[in-house]
Amino acid sequence: AYHVLFALSAGVAIAGYSIFLRLASPGIHPALGATIITGVRSRELALTVGLRATGVPSLIYKASLYLVIVVGLAAACADFFTLSAYAKGLKVTSSFMISDTSTLLVLLVGFLVLRESFTWTKLLAAVLIAIGVFL
């Protein structure tokens, strides 16, 4: 049951992310905004590494650390492009284009690359998302 709570919490956090990014976009260059956001995320990583250095047990695998670094790069790109879209006039109520594109790509990679379970319901969801983004 915790996974559902975490997923819903992530959805709330991402909604806040979109709203506050939209509010910030007119007053900051996208590259500077993305740098600040990435810096805040880097501070959190440094805190985690610092806890490890002080003897607090944590489990970090080298491969996972590298993947998390790639996630950070992807997040920085997402910040930059989202700020750019909002700065150029994208309305926060139109940000579904961002999230729906992301959802569609995650579904496709999940099916084709990660070999996650395929269902006709998920395929229908992907098709409806693609149609919605197109419209």
Side-chain angles (χ1 to χ4, degrees):
Y2 283 115
H3 65 287
V4 173
L5 180 61
F6 288 140
L8 293 174
S9 297
V12 169
I14 290 170
Y17 168 90
S18 295
I19 292 165
F20 289 112
L21 226 64
R22 172 63 183 96
L23 292 172
S25 67
I28 194 163
H29 188 279
L32 178 59
T35 301
I36 292 169
I37 294 166
T38 302
V40 170
R41 290 179 179 147
S42 297
R43 185 184 69 78
E44 298 305 320
L45 175 63
L47 233 168
T48 302
V49 171
L51 287 174
R52 171 89 170 148
T54 60
V56 175
S58 64
L59 187 59
I60 300 175
Y61 292 105
K62 189 185 283 189
S64 293
L65 181 60
Y66 294 143
L67 289 170
V68 169
I69 290 169
V70 172
V71 169
L73 294 172
C77 290
D79 295 334
F80 174 78
F81 290 123
T82 302
L83 278 165
S84 296
Y86 286 145
K88 296 296 183 190
L90 182 71
K91 304 293 183 212
V92 75
T93 53
S94 297
S95 65
F96 66 86
M97 286 186 283
I98 297 167
S99 60
D100 288 356
T101 301
S102 172
T103 300
L104 180 60
L105 289 173
V106 167
L107 281 171
L108 291 175
V109 169
F111 294 148
L112 302 175
V113 177
L114 301 176
R115 304 285 183 218
E116 293 187 357
S117 64
F118 170 85
T119 66
W120 290 105
T121 304
K122 289 179 183 178
L123 178 62
L124 176 62
V127 169
L128 291 174
I129 290 167
I131 291 169
V133 169
F134 177 75
L135 291 175

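Side-chain heavy atoms closer than 4.5 Å link hydrophobic residues (I, L, V, M, F, W, Y) into clusters, and following such links, even through other members, never connects Leu107 to Leu124. Linking Ile, Leu, Val, Met, Phe, Trp and Tyr residues whenever their side-chain heavy atoms come within less than 4.5 Å places Trp120 and Ile129 in a single cluster. Under the 4.5 Å side-chain heavy-atom criterion for grouping Ile, Leu, Val, Met, Phe, Trp and Tyr, Val92 is connected to Phe20 within one hydrophobic cluster.
Among all heavy-atom pairs drawn from Phe118 and Phe111, the shortest one is CA-CE2, 3.9 Å. Taking every heavy atom of both residues into account, Ala34 and Ala76 meet most closely at CB-O, 3.8 Å. Smallest separation of non-hydrogen atoms from Arg22 and Leu90: NE-O, 3.2 Å.
In this structure, OG on Ser102 lies 14.0 Å from CE on Met97, to the nearest 0.5 angstrom. Separating the OG1 atom in Thr103 from the CD1 atom in Ile98 is a distance of 11.5 Å, to the nearest 0.5 Å. For the atom pair Leu83 CG and Ile37 CD1, the distance stands at 5.0 Å (nearest 0.5 Å).
A side-chain contact (heavy atoms from CB on, under 4.5 Å) with Leu104 is found for exactly one of Asp100, Val106, Leu108, Thr101, namely Leu108.
Side-chain contact between Tyr86 and Leu23 is absent, with no heavy-atom pair separated by less than 4.5 Å.
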